[in-house]
Amino acid sequence: MIQRFSGKTALVTGGGAGIGRATALAFAREGARVVIGDRDVERGEEAVALIEKAGGTAIFRRTDVTVAANVAALVALTVEQFGRLDCAFNNAGVMTSLSLIEDQSEADYDRVIDTNVKGVWLAMKYEIKQMLAQGGGAIVNNASVSGITGSGRGAAPYSASKHAVIGLTKSAALENAKRGIRVNAIAPYVTETEMGSQFAADLKITMADFAKGNPSGRVGTLDDAANAVLWLCSDESSFVTAHTLAIDGGFTAQ
């Protein structure tokens, strides 16, 4: 197997579970040294243990992406331990409580926007500083198909946050296009994660219902998302920046 990331270092926020964990494991399988940031210590340490069991190298630091000092410390630890930061997947995010706009709480709105938007902005702020110092790198942000289409299912703050992630991605990519840093985003359809299952449960439907509503007849898998992130971080996509890659089975084309 070709190890596209041998000798490189990859950072994953929200790497303790779901798409983040799957991507961290995929980076490690392809030779990267992996740094995981997550608010959940148990899950973060579990992800590191899985990587080490498979023969990879990984470290974990508890990180709240809404706190600048936490994010700065995560990037600093990355450089302290491995000397550089080549790839970053800004994946940490939360789902909104489902309700109509007029019934939503300000606290829930703030929680979603702070995590999903400010968290990505803070991550890029410190990642870009390091990548500029070392001469380049690649960043991928986790958006959503809801950041392309919108949501009529009571998830307006979540949809707004993911539109913002795409805007941040494009802006950061343009700022750094001539400075050796590529910035892209993925926009997954409902995926086989705890968050996806909870979203279905909150809507009182099943994941099978989401599959029926997709042109491909299925929902996304963890590998669908992880493979896309690795491609966007690899040299194979060296002329791709400011792009949002829909991983959606054709959903956004309807």
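Given the structure is predicted, the values throughout are model-derived calculations rather than measurements.
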Interatomic spacing from CD1 in Ile36 to CZ in Arg62 - rounded to 0.5 Å: 15.0 Å
Any donor-acceptor pair under 3.5 Å from Gln104 side chain to Pro157 backbone: no
- request: Mind checking the CD1-CD1 spacing from Ile19 to Ile247? Nearest 0.5 Å is all I need.
  value: 7.5 Å
- prompt: Can you tell if the side chain of Thr9 reaches within under 4.5 Å of the side chain of Val35, non-hydrogen atoms only?
  reply: yes
- prompt: Under the 3.5 angstrom rule, does the side chain of Asp224 hit a backbone N or O of Gly220 as a donor-acceptor pair?
  reply: no
statement: Separation between CE (Met95) and CZ (Arg111), nearest 0.5 Å, reads 9.5 Å
- prompt: Residues two or more places apart in sequence or in another chain: which of them pass side-chain hydrogen bond (donor to acceptor under 3.5 Å, both in side chains) with Glu175?
  reply: none
field: Asp248 side chain to Thr252 backbone, donor-acceptor under 3.5 Å
entry: yes
query: How long is the gap from NZ on Lys212 to CE on Met207, to the nearest 0.5 Å?
result: 13.5 Å
query: Do you know which two heavy atoms are closest between Gly213 and Tyr189, and how far apart they sit?
result: C-OH, 4.0 Å
task: Return the set of residues passing side-chain hydrogen bond (donor to acceptor under 3.5 Å, both in side chains) with Glu80 (not counting sequence neighbours), or none when no residue passes.
output: none
task: Would you name the heavy atoms of Ile59 and Val48 that are closest together and state the gap between them?
output: C-CG2, 3.7 Å
task: Answer yes or no: is there a side-chain heavy-atom contact under 4.5 Å between Phe89 and Leu232?
output: no
query: Any side-chain heavy atom of Tyr109 sitting closer than 4.5 Å to one from Thr96?
result: no
- prompt: Side-chain contact, heavy-atom cut-off 4.5 Å: Val65 with Leu122?
  reply: no
query: According to the side chain to side chain donor-acceptor pair (under 3.5 Å) rule, which pairs have a member within residues 162-173, sequence neighbours left out?
result: Asn141-Thr169
task: Decide yes or no for Leu25 and Leu50: does some side-chain heavy atom of the first lie under 4.5 Å from some side-chain heavy atom of the second?
output: yes
From CA spacing to verdict: side chain to side chain contact (heavy atoms under 4.5 Å, CB included), Arg182, Ile139: CA-CA 6 Å; Arg182 295 186 300 108; Ile139 296 171; over 6 Å; no
query: Under a 4.5 Å cut-off applied to non-hydrogen side-chain atoms, are Asp103 and Ile101 in contact?
result: no
Where at least one partner belongs to residues 44-57, residue pairs that pass side chain to side chain donor-acceptor pair (under 3.5 Å), sequence neighbours excluded: Arg21-Glu46
field: Shortest non-hydrogen contact between Cys233 and Val140, atoms and distance
entry: SG-CG2, 3.7 Å
- prompt: How long is the gap from CG on Asp209 to CG on Asn214, to the nearest 0.5 Å?
  reply: 13.0 Å
query: About how many Å separate CZ of Arg4 and CD of Glu30, when rounded to the nearest 0.5 Å?
result: 4.0 Å
- prompt: So Asp202 and Lys204, salt bridge (Lys or Arg N to Asp or Glu O under 4.0 Å) or not? Walk me through it.
  reply: CA-CA 5 Å; Asp202 289 346; Lys204 296 181 172 53; over 6 Å; no
message: Side chains of Leu132 and Asn176, heavy atoms from C-beta outward: is any pair under 4.5 Å?
response: yes
- prompt: Okay, side chain of Ser159, backbone of Ser146: is any donor-acceptor separation there less than 3.5 Å?
  reply: yes
- prompt: Has the side chain of Gln134 got a donor or acceptor atom that lies under 3.5 Å from a matching backbone atom of Gly136?
  reply: yes
- prompt: Are any of the side-chain heavy atoms of Thr13 and Leu74 separated by less than 4.5 Å?
  reply: yes
Exceeds 12 heavy-atom contacts within 6.0 angstrom, atom CD of Glu106: no
message: Treating Asp86 as the side-chain partner and Lys8 as the backbone partner, does any N or O pair qualify as donor plus acceptor under 3.5 Å?
response: no
- request: Tell me whether Val165 is reachable from Ile148 by hopping between hydrophobic residues (I, L, V, M, F, W, Y) whose side-chain heavy atoms are closer than 4.5 Å.
  value: no
query: Who are the ring-ring contact (aromatic ring centres under 6.0 Å, His included) partners of Tyr158, not counting sequence neighbours?
result: none
- prompt: What is the minimum heavy-atom distance between Val34 and Ala24, and which atoms define it?
  reply: CG2-O, 3.6 Å
field: Residue list, side chain to side chain contact (heavy atoms under 4.5 Å, CB included) with Arg153, at least two apart or on another chain
entry: Ser151, Phe199, Leu203, Ile205, Phe210
task: Go through Thr66 and Asp64 one step at a time and tell me if the side-chain hydrogen bond (donor to acceptor under 3.5 Å, both in side chains) criterion holds.
output: CA-CA 5 Å; Thr66 70; Asp64 182 340; 2.7 Å; yes
- request: Determine yes or no for a side-chain-to-main-chain donor-acceptor pair under 3.5 angstrom, with Asn116 supplying the side chain and Ser161 the backbone.
  value: no
- prompt: Hey, is the main chain of Gly93 close enough, under 3.5 Å, to the side chain of Thr115 for a donor-acceptor pair?
  reply: no
field: Nearest non-hydrogen partners of Thr63 and Gly37, listed with the distance
entry: OG1-CA, 3.7 Å
message: Treating Asp38 as the side-chain partner and Gly44 as the backbone partner, does any N or O pair qualify as donor plus acceptor under 3.5 Å?
response: no
message: If we ignore hydrogens and angles and just use 3.5 Å, is the side chain of Asn91 paired with the main-chain N or O of Gly14 as donor and acceptor?
response: yes
